Amino acid sequence: MPELPEAENIGRALSKFLPGRSVCRVEVFSPAMREPLTPLLTARLEGLTITDVRRRGRYLVCGLSDGRAFLMHFGMSGVVRVEPPGTPKRKHEHLFIHLSDGMIFKFECTRRFSLFKVCSIDRATGWPPELAGLGVEPLDAMFDGEFLWKASRRRSGCVKNFIMDNSVVVGIGNIYATETLFAAGISPERVAGALTRPECDRLVREAKRILLRSIEMGGSTISDFLNVDGSEGKFARELLIYGKRGGVCPVCGSAIKIVRLGGRSSFYCPKCQK
DNA sequence: AGAGATACCTGGGAGC
DNA sequence: TGCTCCCAGGTATCTC
């Protein structure tokens, strides 16, 4: 499932391919994902050139020559492909954008949690208004131990839900939150407001390390721009605790426990994580 | 304001 | 084999 590292890699690949190409025609096959796709057909995109591709959290923003942009989010199952004409349409491909060079930009989403819409760009922020309210980028220098410590004061919820809160820090989903807490030796059930300053330092350090490692691993799976997918890449092999139902801790051998937090399964080692 | 629950959606797996 | 049920996930929205 695409999380921040996947969005980063898809964005990097698309930023080498899309800018400079123009939209010839838009084809919509399904009425809705997270929002209806039909407005794309009346958005008069034909003739507009894609100017740039930027990432914010798990969103990608593709600038257009008229000052507007495409806003994309991959939900859980979003896949982007660029293919030549004649390639058979897959079952869950909901949108084709025919480009000036004949290639077709395709958006696939099995579970329809993805977002694809045309939006404006706020002059003050340089980003779509839809993205106002997002928290800091986890790889930004602003995201440090002091930031996390201050942001967590008087927060009574558990630390796992706190670091997954997109209004605090963006792009840390269930998998990376689980792995980060394991690496930092902090129980997912700890009250966020009770974290110590050194614990916040560890959390931030491990989150950055794991995200960067995952970006690096995913990068090598994108060999060309004909198949820019959102698969998990090789990092999935390096998961130490996420999804290890019935398994044991790779550090101490204790049985891995599962607790449901915020409606999501949280794997942790009761001995290594306090 | 913050926290928790719920809905959205589909495919895959378990259990009968 | 075929049916039902549950689970996975991010985000928006609702309630308390």
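In what follows, every chain begins at residue 1, and chains take the letters A, B, ... in the order their sequences are listed. Computed from a predicted structure; not experimentally measured.
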Any side-chain N or O of [X] below 4.0 angstrom from OP1/OP2 of [N]?
X	N	result
His92(A)	dG11(B)	yes
Lys91(A)	dG11(B)	yes
His73(A)	dG10(C)	no
Arg112(A)	dT10(B)	yes

What is the distance, rounded to the nearest whole Å, between atom [atom1] of [X] and atom [atom2] of [N]?
X	N	atom1	atom2	result
Glu108(A)	dG11(B)	CD	C1'	13 Å
Glu35(A)	dC9(B)	CD	P	14 Å
Arg111(A)	dC9(B)	CZ	P	14 Å
His94(A)	dC9(B)	NE2	P	11 Å
Arg56(A)	dT11(C)	CZ	P	12 Å

Counting side-chain heavy atoms from C-beta on, which of [options] comes nearest to [X]?
X	options	value
Arg264(A)	dG11(B), dT11(C), dC9(B)	dT11(C)
Arg58(A)	dG11(B), dT11(C), dA8(C)	dT11(C)
Asn166(A)	dT11(C), dT10(B), dG10(C)	dT11(C)

Inset, instruction - Mark this stacking check for Phe113(A) against dC8(B) as yes or no, applying ring centres under 5.5 Å and ring planes under 30°. - result: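 Phe113(A) vs dC8(B): stacking yes.
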Inset, instruction - Mind jotting down which residue pairs meet the ring pair (Phe, Tyr, Trp, His ring centres under 6.0 Å) criterion with at least one end in residues 52-72 of chain A? Sequence neighbours excluded, please. - result: Tyr59(A)-His73(A), Phe70(A)-Phe116(A)
Legend entry - Residue pairs involving residues 249-274 of chain A (criterion ring pair (Phe, Tyr, Trp, His ring centres under 6.0 Å); sequence neighbours excluded): Tyr242(A)-Phe267(A)
Can you pull out every salt bridge (charged side-chain N to carboxylate O under 4.0 Å, His left out) where at least one residue sits in [range]? Sequence neighbours excluded, please.
range	result
residues 185-196 of chain A	Arg190(A)-Glu199(A)
residues 124-133 of chain A	Lys117(A)-Glu130(A)
residues 265-274 of chain A	none
residues 244-261 of chain A	none

If you restrict it to nitrogen or oxygen atoms, what contacts under 3.5 Å exist between nucleotides 12-16 of chain C and the protein, and what is each distance?
unit_1, atom_1, unit_2, atom_2, d
dA12(C), OP1, Tyr59(A), OH, 3.4

Inset, instruction - Please report how far the helix from dG2(B)-dC16(C) to dC16(B)-dG2(C) bends, comparing the axis fitted to its first five pairs with the axis fitted to its last five, to the nearest 10 degrees. - result: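 Comparing the first five pairs with the last five, the axes sit 50° apart.
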Are [X] and [Y] ion-paired here, with the side-chain N under 4.0 Å from a carboxylate O?
X	Y	answer
Arg90(A)	Glu83(A)	yes
Glu206(A)	Arg202(A)	no
Asp201(A)	Arg197(A)	yes
Lys91(A)	Glu108(A)	no

Pair up each side-chain donor or acceptor in residues 154-162 of chain A with any protein partner under 3.5 Å, not counting sequence neighbours, and list the distances.
unit_1, atom_1, unit_2, atom_2, d
Arg155(A), NH2, Asp165(A), OD2, 3.0
Lys160(A), NZ, Asn174(A), OD1, 2.5
Lys160(A), NZ, Ser266(A), OG, 2.8

Using atom names, set out every protein N or O paired with an N or O of nucleotides 5-7 of chain C below 3.5 Å, distance rounded to 0.1 Å.
none

Legend entry - Distance-minimising heavy-atom pair for Val170(A) and Leu134(A): CG1-CB, 3.7 Å
Inset, instruction - Give a yes or no on whether Leu131(A) and Phe74(A) share a hydrophobic cluster (residues Ile, Leu, Val, Met, Phe, Trp, Tyr; joining criterion: side-chain heavy atoms under 4.5 Å apart). - result: no
Inset, instruction - Could you check which residues of residues 154-165 of chain A get a heavy atom under 4.0 Å from DNA chain C? Sort them by number, please. - result: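 Nucleic-acid contacts, sorted: Met164(A).
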Inset, instruction - List for me each residue that meets ring pair (Phe, Tyr, Trp, His ring centres under 6.0 Å) alongside Phe96(A), sequence neighbours excluded, and say none if there are none. - result: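 Here the qualifying residues are Phe29(A).
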